[in-house]
Amino acid sequence: MCGILGYTGNRQASEILLNGLAKLEYRGYDSAGLAVMNDGKIMIEKNKGRLQTLREKINNGKNILGTCGIGHTRWATHGEPSDTNAHPLWSDDLSVVAVHNGIVENYKDLKLKLTEHGYKFYSQTDTEAAVKLIDYFYKQNKNPLNAITEAIKNIEGSYCFVLLFKDFPDEVWGVRKDNPLIAGQGEGESFLASDVSAILQDTRKVYYLDNMEIVKLNKGDVRFYDSEGHAVYKKLSTVTWDSQAAEKGGFEHFMMKEIHEQAKAVKDTLHSVIKNNKIDLTDVNLNSDEIKNISQIYIIACGSAYHAGVVAQYVIEDLAKIPVRVELASEFRYRNMPLEKNSLAIIISQSGETADTLAAMRLAKNNNIKTLAIVNVVGSTIAREADKVFYTLAGPEIAVATTKAYSAQLIACYILAVEFAKVLNRIDDEKYLYLIDELNKLPEKIDEVLDEKERIKELAGSFVDSEGAFYLGRNIDYAAAMEGSLKMKEISYIHSEACAAGEMKHGPISLIERGMLIVGIMTQKNLYAKTASNMIEAKSRGGFLLSVITRGSEILREESNFIFYVPEIDDHFSASLAVIPLQLLGYYVAVARKLDVDKPRNLAKSVTVE
Ligand code: F6R
């Protein structure tokens with residue numbers, strides 16, 4: 001969703017804000033704006049459109065002087081993208097100026113009440129109601145802390161606000177509820193940001209704010225308060241991600257760079273839990289007794305993380321024989337389903353901030369279900385609230401469409417499946433060592449697939465004008481098909497659908513037209529022939545068959561229009577290889593269509609609203 005930044009120190013704030021916002025633009029990119037204090041005045045610039053438009057307008061920040069300011073990149077929720085609705089928003093006399101991420105759910109009620117007190121509204125945003133509410137309380141005793149604590153008692157919904165108060169020229173204030181905010185500590189300067197990537201070039205020393213905490217920045221000084229205004233002590237952490245990781249590093253797009261970083265993401269995640277050829281979940285804080293007690297697993301996630309969960313379902317059920325249900329977080333949270341007592345909820349999220357996933361996890365916890373979160377972003381809300389955390393080590397992922405974080409999520413799921421199987425005696429030592437050995441081969445095999453990316457690039461040119469595509473597979477191949485199909489639709493804007501291969505004949509087959517792209521994934525040896533028959537049925541109706549098949553199989557050699565072979569690996573782990581050509585296909589089709597691959601329309605990286 002939106003990207004938020006605050007700075008106070010001795011350097012020109014506008015330049016720091018522009019550079020930091022560039023790192024946050026993946027969170028939202030339909031408008032951008034900043035506000036900077038100088039000599040008791042607040043200067044505000046904002047506009048609809050990309051950050052670049054703002055940059056040009058203010059001459060790379062040179063036109064705005066001052067060393068204390070706030071900035072924003074927007075992903076519109078309330079009010080269309082426009083200059084007026086762009087953030088920052090302000091109170092009438094500019095006493096309070098703020099940027100916001102989240103949704104103020106009761107903004108209509110607040111507006112009504114504030115109108116009775118003489119407030120007028122100029123935007124269509126929910127944010128303006130909150131800013132004016134803070135202003136209302138601020139006017140009572142000119143105390144920013146008091147204004148914020150009083151306002152948040154009255155604001156419903158989720159939010160992160162970062163604020164300037166005109167009477168306090170070197171201070172930046174922030175407060176968060178269910179939306180991310182971190183504080184950075186530098187030498188004589190301090191920062192607030194939605195995520196660490198925005199401040200990594202300036203400092204690695206960060207504080208993670210808890211829910212409903214308030215922060216005050218002064219030059220180099222950072223203080224925290226709880227929602228009642230009492231001072232809170234927080235531990236300073238050091239970020240290990242390096243700032244280079246959030247640069248393009250010679251690739252045309254972040255997405256392609258991240259596709260290439262998958263072997264490393266997989267290797268790092270494997271190495272964090274495999275020691276001396278044994279899985280060691282000490283850091284995850286999961287012991288054998290707890291594993292033996294699990295009678296049911298719920299996997300809860302959204303989007304690609306959900307697709308990783310679907311793979312996990314097949315692998316865990318087959319290896320560990322524990323029943324698994326995979327749930328879309330947005331459905332799970334309102335389903336009111338009976339939950340098994342001795343169950344484990346596995347929550348998967350790259351950002352650790354996805355609103356639906358967080359709400360679903362809280363629901364599980366409220367029902368006394370143990371939660372284990374597979375998360376990429378250290379210190380994120382889901383990571384902090386889960387009972388147990390399995391960190392994926394994919395590093396910062398900037399492209400909106402996930403690739404390396406998904407691959408790392410798969411690894412975390414495989415590791416849990418193998419460990420559960422071992423602890424429950426479903427596999428013997430020999431099989432255990434064999435599976436670990438197979439896992440260790442994945443990074444090299446991922447790179448082997450990438451060595452053939454040019455073949456996919458050539459093919460992609462033929463589908464620039466496609467109107468639709470089907471992705472077919474069975475079991476784990478179906479799960480991989482879901483992810484491949486999402487990659488195609490989200491960045492190339494070509495309608496695509498994943499279909500369990502056996503389901504085609506129950507309806508979707510009627511959509512096949514001459515030349516339509518049919519991607520078949522065949523890596524599960526026991527199901528090769530079954531999916532192959534469904535592919536042939538699609539071909540008979542005019543489909544163009546692109547088959548992704550494990551090397552060594554002779555299946556569909558004649559019938560396919562294009563075959564991409566992936567290296568052999570144990571069938572349980574094959575989604576990690578099959579997904580690579582599918583990511584490449586989505587990427588190259590989008591590039592050939594001249595689309596903004598890293599920032600697809602209507603999307604944002606971290607979905608912190610419902
Ligand atoms: C698709 C994609 C999204 C996310 C989903 C969940 O490429 O990235 O579908 O997977 O929004 O996000 P996280 O994993 O941050 O909870």
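Counting convention: from 1, in listed order, for ligands and their atoms alike.
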Just one of Ile411, Val375, Asp283, Leu372 clears the side-chain contact (heavy atoms from CB on, under 4.5 Å) bar with Phe390, so which one?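 Of Ile411, Val375, Asp283, Leu372, side-chain contact (heavy atoms from CB on, under 4.5 Å) with Phe390 is met by Leu372 alone.
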Test item: side-chain donor near acceptor, Ser485 and Glu497, under 3.5 Å: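 The answer is no; no qualifying pair exists.
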Decide whether Thr73 and Glu25 meet the rule of one side-chain donor and one side-chain acceptor closer than 3.5 Å. no
Who's touching ligand 1 if we go heavy atoms under 4.0 Å? Cys302, Gly303, Ser304, Ala305, Ser349, Gln350, Ser351, Thr354, Val400, Ala401, Thr402, Leu486, Lys487, Glu490
What's the separation between atom CD in Gln409 and atom CG in Asn376, rounded to the nearest 0.5 Å?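 Atom-to-atom, Gln409:CD and Asn376:CG are 7.5 Å apart.
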Is Arg601 positioned over the aromatic face of Tyr493, cation under 6.0 angstrom from the ring centre and no more than 45 degrees off axis?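 Yes, cation above the ring, under 6.0 Å and within 45°.
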Only one of Tyr107, Phe161, Tyr159, Trp75 clears ring pair (Phe, Tyr, Trp, His ring centres under 6.0 Å) with His100; which? Phe161
